[in-house]
Amino acid sequence: MEVIASTQNSLIKLAASLKQKKYRDENGVFPVEGVRLVEEAIQAGWEITACLVTKKALDQARVQTIIQQLQERHCRLAELSEGLYEKVTDTDQAQGIMAIVKKKEFLFADLVAGERQPLIAVLDNVQDPGNVGALIRTADAAGCTAVILTQGSADLFSPKTVRATMGSIFHLPVISRVSPSELLHYLQQYRIQLIATALTASKPYFEVELTGPAAIVFGNEGNGVSDELLQHAASRLFIPLYGRAESLNVAAAAAVIFYEIARQQRAAL
């Protein structure tokens, strides 16, 4: 393991730059911070190009195991001081370990691979990275097979999005920056029904038949699902609100709908 003490080191400059989307895009990598998330990336087989760790973090047994696994992969390893690590971290309470992970690019065909019936979460211009990450985590927990982000949605690989997925980014194929026309063409090609969350001309979610191959689209925090997707939706559904809240967080709404799908599919067996 090399020891880095200078802010002018090329690896330190790279790690610090990855706070910005343009450098994540330019280099094709993104930062993953924290013991659990780095463990998830390793277990899922994602390519890790480098790992930065503080001396204090190295005292932890789990971090020692991570370092051993990365040594076996011939990954670049660097020890930093606490002060230098603060230059590259994006978190307030950093755990002292960061992996630089290569992005994965998925194709539409990857979303229907395997034996499972397609159940796809579509995020249409969802702009808050915390919402995007939480919805990916919810989709993973509820048994979705993939996630699609339309153009205008938050960056999949931003540190905040990655943290909010709690590791689910490594479990599901996700395609981002998809145009509505591309999405509609894909769904038609693979005969996947588009179902939109909407307040107008819609039925309560528990009255909609949800047992077939489906893509459930959740809209922008303020404006909802785009008109282009609404016009092509086979069904529209909504979640009744029985209290005084105006709406549900998009991840909470996704949980309600995806678990209703799971319930209907199991009842149909």
Side-chain angles (χ1 to χ4, degrees), residues 103-127 131-156 161 165 168-169 171-221 223-239 250-251 253-266 268:
K103 293 181 180 181
K104 273 191 178 182
E105 302 290 340
F106 292 96
L107 303 173
F108 282 127
D110 297 325
L111 307 194
V112 294
E115 298 179 356
R116 294 173 61 194
Q117 178 174 275
L119 175 58
I120 300 170
V122 179
L123 284 67
D124 183 28
N125 196 28
V126 176
Q127 297 180 341
N131 285 341
V132 171
L135 201 146
I136 291 171
R137 179 184 181 187
T138 300
D140 181 23
C144 289
T145 56
V147 177
I148 294 175
L149 312 181
T150 68
Q151 294 169 342
S153 294
D155 180 29
L156 172 64
T161 304
T165 71
S168 289
I169 188 174
H171 303 161
L172 287 175
V174 182
I175 298 180
S176 57
R177 292 177 286 189
V178 176
S179 70
S181 59
E182 288 174 320
L183 173 63
L184 293 169
H185 174 75
Y186 160 74
L187 296 178
Q188 183 178 26
Q189 179 183 356
Y190 289 97
R191 298 181 180 179
I192 298 171
Q193 183 175 234
L194 178 65
I195 298 173
T197 54
L199 295 177
T200 58
S202 58
K203 295 181 179 180
Y205 72 96
F206 45 78
E207 293 183 6
V208 179
E209 201 274 321
L210 299 167
T211 57
I216 314 297
V217 56
F218 301 88
N220 172 271
E221 290 88 345
N223 300 316
V225 176
S226 63
D227 289 340
E228 184 172 359
L229 293 182
L230 277 178
Q231 291 169 6
H232 289 85
S235 303
R236 298 185 187 188
L237 53 77
F238 73 96
I239 299 171
V250 66
V256 171
I257 292 168
F258 289 143
Y259 278 95
E260 171 62 13
I261 292 173
R263 186 196 67 78
Q264 288 191 21
Q265 290 179 343
R266 282 159 177 73

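With rounding to the nearest 0.5 angstrom, the CD1 atom of I148 is 6.0 Å from the CG atom of L187. Atom OG1 of T161 is separated from atom CG of L135 by 11.5 Å, given to the nearest 0.5 angstrom. In this structure, CG in L123 is found 8.5 Å from CG in N131, a value given to the nearest 0.5 Å. Note that CG of D155 and OG of S176 are 7.0 Å apart. Values are rounded to the nearest 0.5 Å. To the nearest 0.5 Å, the span separating CG on L184 from NE2 on H232 amounts to 5.5 Å.
The shortest side-chain heavy-atom distance between I257 and I195 does not fall under the 4.5 Å cut-off. Side chains of T200 and R236 form a contact here, defined as non-hydrogen atoms less than 4.5 Å apart. Between L183 and V217 the shortest side-chain heavy-atom distance does not fall below 4.5 Å. Inter-residue side-chain proximity for S235 and Q193 is flagged as met; some heavy-atom pair is nearer than 4.5 Å. At least one side-chain heavy atom of E228 sits under 4.5 Å from a side-chain heavy atom of S181. In this structure the side chain of H185 never reaches within 4.5 angstrom of the side chain of E182, judged on heavy atoms. Within the 4.5 Å cutoff, no side-chain heavy atoms of L156 are placed close to those of V147. Looking only at side-chain heavy atoms (C-beta outward), T197 and I239 stay at 4.5 Å or farther from each other.
Not a single side chain to side chain donor-acceptor pair (under 3.5 Å) links S153 to another residue, sequence neighbours left out. F108 is linked by a ring-ring contact (aromatic ring centres under 6.0 Å, His included) to Y186, counting only residues two or more places apart in sequence or in another chain.
Heavy-atom minimum distance, A142 versus F258: CB-CB, 3.4 Å. Considering every non-hydrogen atom in both C144 and L172, the closest pair reads O-CD2, 3.1 Å. Here the closest heavy-atom approach between residue N220 and residue N223 is recorded as OD1-N, 2.9 Å. Nearest heavy-atom pair, V132 versus A154, reported as atom, atom and distance to 0.1 Å: CG2-CB, 3.9 Å. When all heavy atoms of P118 and I192 are compared, the closest pair comes out as CB-CD1, 3.9 Å.
Formation of a donor-acceptor pair under 3.5 Å by the R263 side chain with backbone atoms of Y259 is not found in this model. The backbone N or O of E221 lies less than 3.5 Å from no partner atom in the side chain of Q127, so there is not a single donor-acceptor pair.
Residue pairs meeting the side-chain hydrogen bond (donor to acceptor under 3.5 Å, both in side chains) criterion with at least one partner in residues 135-151, sequence neighbours excluded, are D124-T150, D140-S168, D140-H171.
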